[in-house]
Amino acid sequence: MKIYFDMHTHTVASGHAFSTIKENAEEAAAKGLAAMGMSDHAPAMPGSAQEIYFSNFKAIPEELMGVRIYAGTEANIMDFEGSLDLPESVLKKMDYVIASLHIPCIRPGSARENTDALIGAMKNPYVKIIGHPDDDRYPLEYGRLIPAALEHKVALEVNNSSFKARSGRQNARKNVSAWLAAAKEYRLPIILGSDAHICCDVGELSEAIRMAEEAGYPQELILNTRPDGLDYILNRKE
């Protein structure tokens, strides 16, 4: 499976990642990626960058080492209504926004509450990806989540790091297998993400690819497998 881009990567600005933009771009180039997205954690994550960091992306070249760079963020969902930890004035400057549930930022709720939180985030016009909807600490109602993702044109992510032995997320393989089976019925576009917190993991999608292949997911619905897949997740900025 040819992969053209990885939109879920972190730099030292996230506070608990270990590589720079340049190091990540070098790895993306070495792995033959055409594009890479920067998605550092938004301010509610302990140790992460402050709002001013996300307001100065004009300083970043559009291309590094032959790789097109897109500037985004992994925003934290802060409540069960889907509120995010960056204001619209900043979000509208992003090329794209991932929205995710994280233990340091929101306590896990019931499956209904957690699903409400993700659907609420999807209603934000700048949110294009829901990160790692696969963790038993945050049980979800996939029967509600998947139609909502299709309605709001938001991609659900198969997160490669969720399958690592040292991941804090629980039962990701079971959950991803379940939601991929349901999403396939809806022909929902999905995205594979490395969630790299160190440069060597940029573009490392082997387990995510395996999950998609085991599910028999149509390749044309896996956004990373075609260059125009970026059109589905990029904001049309003013």
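FYI, the numbering just counts along the sequence from 1.
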Is there a side-chain contact between [X] and [Y], using heavy atoms and a 4.5 Å cut-off?
X      : Y      : result
Lys128 : Asn235 : yes
Phe57  : Val90  : no
Leu145 : Trp179 : no
Ile3   : Ile209 : yes
Leu91  : Asn124 : yes
Pro189 : Leu150 : yes

Could you please spell out the steps behind the side chain to side chain contact (heavy atoms under 4.5 Å, CB included) verdict for Glu51 and Leu86?
CA-CA 7 Å; Glu51 187 175 313; Leu86 283 170; 4.2 Å; yes
Of all pairs that satisfy salt bridge (charged side-chain N to carboxylate O under 4.0 Å, His left out), the ones with a partner from [range], not counting sequence neighbours:
range            : answer
residues 72-83   : none
residues 5-21    : none
residues 192-202 : Lys164-Asp201, Arg169-Asp195
residues 12-24   : Lys22-Glu26

Dump the intermediate steps for salt bridge (charged side-chain N to carboxylate O under 4.0 Å, His left out) on Glu213 and Arg210, then the final yes or no.
CA-CA 5 Å; Glu213 289 178 339; Arg210 181 174 293 113; over 6 Å; no
Could I get the full list of side-chain hydrogen bond (donor to acceptor under 3.5 Å, both in side chains) partners for [X], not counting sequence neighbours?
X      : value
Arg144 : Asp116, Glu141
Gln219 : none
Lys58  : Asn56
Glu157 : His8, Asn159

Looking only at non-hydrogen atoms, find the nearest pair between [X] and [Y] and report the distance.
X      : Y      : result
Asp135 : Gln170 : OD1-N, 3.0 Å
Ser100 : Gly131 : OG-CA, 3.4 Å
Ala75  : Ala42  : CA-CB, 3.9 Å
Leu101 : His132 : O-CE1, 3.4 Å
Arg137 : Pro108 : O-CB, 3.0 Å
Ala208 : Asn160 : N-OD1, 2.9 Å

Quick one: do Met94 and Phe54 satisfy side chain to side chain contact (heavy atoms under 4.5 Å, CB included)? Show the steps, please.
CA-CA 8 Å; Met94 305 289 101; Phe54 301 97; 4.0 Å; yes
Lys174, NZ: over 12 other non-hydrogen atoms inside 6.0 angstrom:
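Yes.
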Separation of [Y] [atom2] from [X] [atom1] (nearest 0.5 Å):
X      : Y      : atom1 : atom2 : value
Lys153 : Met122 : NZ    : CE    : 14.5 Å
His16  : Ser48  : NE2   : OG    : 7.5 Å
Asn76  : Ser83  : CG    : OG    : 12.0 Å
Leu205 : Met211 : CG    : CE    : 13.5 Å
Glu27  : Ser194 : CD    : OG    : 10.0 Å

Evaluate the ring planes of His41 and His102, with Trp represented by its six-membered ring, and classify them as parallel (under 30°), tilted (30 to 60°) or perpendicular (over 60°).
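The rings of His41 and His102 stand perpendicular, inter-plane angle above 60°.
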Determine, stepwise, if the pair Tyr138 / Ile77 fulfils side chain to side chain contact (heavy atoms under 4.5 Å, CB included).
CA-CA 12 Å; Tyr138 290 102; Ile77 299 172; over 6 Å; no
Test side chain to side chain contact (heavy atoms under 4.5 Å, CB included) on Glu207 and Arg173 and set out the steps.
CA-CA 10 Å; Glu207 291 301 314; Arg173 290 187 186 278; 2.8 Å; yes
Would you confirm whether [X], through its side chain, and [Y], through its main-chain N or O, come within 3.5 Å as a donor-acceptor pair?
X      : Y      : answer
Ser162 : Val158 : no
Asp95  : Gly72  : no
Thr225 : Ile222 : yes
Thr115 : Leu140 : no
Thr73  : Asp40  : yes

Applying side-chain contact (heavy atoms from CB on, under 4.5 Å), name anything that partners Leu64, two or more places apart in sequence or on another chain.
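For Leu64, the residues satisfying side-chain contact (heavy atoms from CB on, under 4.5 Å) (neighbours in sequence not counted) are Ile21, Ala25, Pro61, Ile69.
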Please walk me through it: do Arg187 and Glu220 pass salt bridge (charged side-chain N to carboxylate O under 4.0 Å, His left out)?
CA-CA 10 Å; Arg187 292 191 58 80; Glu220 67 271 18; 3.2 Å; yes
With the 4.5 Å side-chain cut-off for hydrophobic clustering, are [X] and [Y] part of the same group?
X      : Y      : answer
Met45  : Tyr126 : no
Leu33  : Met1   : yes
Met78  : Val127 : no
Tyr142 : Leu192 : yes
Ile198 : Val67  : no

Using a side-chain heavy atom cutoff under 4.5 Å and only I, L, V, M, F, W and Y, what cluster partners does Met7 have?
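Its cluster partners, ordered by chain and number, are Tyr4, Phe5, Tyr70, Tyr96, Ile98, Ile129, Ile191, Leu223, Leu230, Tyr232, Ile233, Leu234.
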Among all residues two or more places apart in sequence or in another chain, which pass the ring pair (Phe, Tyr, Trp, His ring centres under 6.0 Å) test with Phe18?
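So Phe18 forms no ring pair (Phe, Tyr, Trp, His ring centres under 6.0 Å) with any residue.
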Strictly by ring-ring contact (aromatic ring centres under 6.0 Å, His included), give each pair with a member in residues 152-174 just once, sequence neighbours left out.
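For residues 152-174: none.
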